[in-house]
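Each remark here refers to the structure printed beneath this line.
Every heavy atom of this structure was used, including side-chain atoms; hydrogens, water molecules and symmetry mates were not. All of these numbers come straight from a predicted model, not from anything done at the bench.
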Amino acid sequence: MNSKETLQQHIGKTASLTDEQFDYFFSHFKLQSFKKGQTVISAGDKVDCEYFVISGCLKAFFINDEIKMYILQFAMSTWWTSDYDALYNQTTATIDIDCITDVEVLCLSNSDREKLCKEFHQIEHFFRWRTNKGYIASQKRLLSLMNNNTKKRYDELLALYPQLYNLVPKHLIAAYLGVSRETLSRLNS
């Protein structure tokens, strides 16, 4: 499936657009490719777009003053990612996003998204629905971090996203869970 078909299928689950409307919508996206290890957004960058992942896997992360990495999100095929604080508030990035694998994304600028939302109620509905789903997922993750031990969080992660286990290095899964690689290794023994 090509990038246009992938996005059309993704949008079609929530918004009904004619072929002509979708072609117009799609014309606002820019296809970009990144190599494994390449940076998409660095802390301090101006952020003007969000990324729809066609293939591959990205990680959004923060490194604190003690040089400890905290992974906020893995973004796999049909997921969206950006530094949303920087994007929506027109500030500089506070997180980094880089490629765990080779990645192909569709980039949509903030101004184009706003324009499309004004022009098409269905697109506005789609982005509101997507934002709500993201908020709910973040809330569930935060509650899990507050209430569950490492083993339970690890089991939840693999139950929700079993493909992560083979796609993402274990030290990154450990950083997502907020534990050391050694702690994660003990869970697998």
Side-chain angles (χ1 to χ4, degrees), residues 1 3 6-7 9-10 13 32-45 47 49-88 91-107 129-189:
M1 189 176 323
S3 60
T6 301
L7 181 62
Q9 185 177 53
H10 177 69
K13 293 176 184 175
Q32 294 182 312
S33 296
F34 298 95
K35 295 290 183 191
K36 178 180 179 176
Q38 193 173 354
T39 299
V40 177
I41 295 174
S42 291
D45 286 353
V47 178
C49 67
E50 60 185 316
Y51 301 91
F52 175 72
V53 180
I54 298 297
S55 64
C57 186
L58 298 161
K59 73 178 185 293
F61 62 100
F62 172 76
I63 297 179
N64 71 7
D65 292 338
E66 289 83 41
I67 317 298
K68 182 174 179 183
M69 179 190 299
Y70 293 92
I71 296 182
L72 305 172
Q73 177 195 23
F74 294 114
M76 298 175 285
S77 181
T78 72
W79 291 25
W80 296 77
T81 194
S82 189
D83 182 324
Y84 288 104
D85 181 27
L87 180 66
Y88 295 144
T91 61
T92 57
T94 55
I95 65 170
D96 295 86
I97 298 176
D98 69 17
C99 303
I100 296 172
T101 65
D102 289 350
V103 174
E104 189 172 83
V105 296
L106 290 171
C107 176
W129 169 83
R130 197 203 77 213
T131 300
N132 290 345
K133 278 191 65 170
Y135 179 80
I136 290 166
S138 293
Q139 183 174 309
K140 285 181 177 180
R141 180 171 179 216
L142 183 59
L143 289 171
S144 181
L145 283 167
M146 292 187 296
N147 290 309
N148 297 326
N149 64 31
T150 302
K151 174 75 169 127
K152 176 102 169 116
R153 293 193 320 265
Y154 177 71
D155 290 344
E156 284 176 345
L157 179 65
L158 293 185
L160 282 171
Y161 312 111
Q163 66 274 35
L164 280 179
Y165 189 79
N166 293 321
L167 185 64
V168 176
K170 304 312 173 261
H171 74 279
L172 295 179
I173 291 175
Y176 181 85
L177 295 171
V179 300
S180 69
R181 172 70 172 98
E182 295 75 23
T183 298
L184 187 63
S185 293
R186 285 194 295 275
L187 296 177
N188 289 323
S189 21

Could you pull out the closest heavy-atom pair between V105 and V53, with the gap in Å?
-> CG1-CA, 4.1 Å
Kindly give the heavy-atom pair with the smallest separation between S82 and C49, and that separation in Å.
-> OG-O, 2.8 Å
In this structure, are over 12 heavy atoms from other groups packed under 6.0 Å from K170 atom NZ?
-> yes
D45 side chain vs A93 backbone, donor-acceptor pair below 3.5 Å | no
Between S33 and E104, which heavy-atom pair has the shortest distance, and what is it?
-> OG-OE2, 3.9 Å
Between D96 and A43, what is the shortest heavy-atom contact and its length?
-> OD2-N, 3.2 Å
Using salt bridge (Lys or Arg N to Asp or Glu O under 4.0 Å) as the criterion, point out the one residue from R153, K152, K151 that pairs with D155.
-> K151
Reported CD1-to-OG1 distance for the pair I41 and T94, which is rounded to 0.5 angstrom | 10.0 Å
Roughly how far apart are I100 CD1 and L58 CG, rounded to 0.5 Å?
-> 7.5 Å
Compare all side-chain heavy atoms of I97 with those of F61 and state whether any distance is below 4.5 angstrom.
-> no
Do the side chains of L164 and M76 get nearer than 4.5 Å, heavy atoms only?
-> yes
Pairwise distance NZ(K68) to OH(Y70) - rounded to 0.5 angstrom | 4.0 Å
Value rounded to 0.5 Å, distance of CZ in F34 from CG in D102 | 11.5 Å
I71 and M69 have their tightest heavy-atom pair at CG1-SD, 3.8 Å
Do R141 and S138 have side-chain atoms, one donor and one acceptor, less than 3.5 Å apart?
-> no
Chi angles and distances behind the side-chain contact (heavy atoms from CB on, under 4.5 Å) call for Q32, V40 = CA-CA 10 Å; Q32 294 182 312; V40 177; 5.9 Å; no
State the CG-CZ distance between L157 and F74, to the nearest 0.5 angstrom.
-> 7.0 Å
Looking only at heavy atoms, the pair that brings L72 and Y176 closest together is O-CE1, 3.9 Å
Can you tell me how far the OH atom of Y161 sits from the CD1 atom of I173, to the nearest 0.5 Å?
-> 13.0 Å
Which of parallel (below 30°), tilted (30 to 60°) and perpendicular (above 60°) describes Y154 and Y165?
-> perpendicular
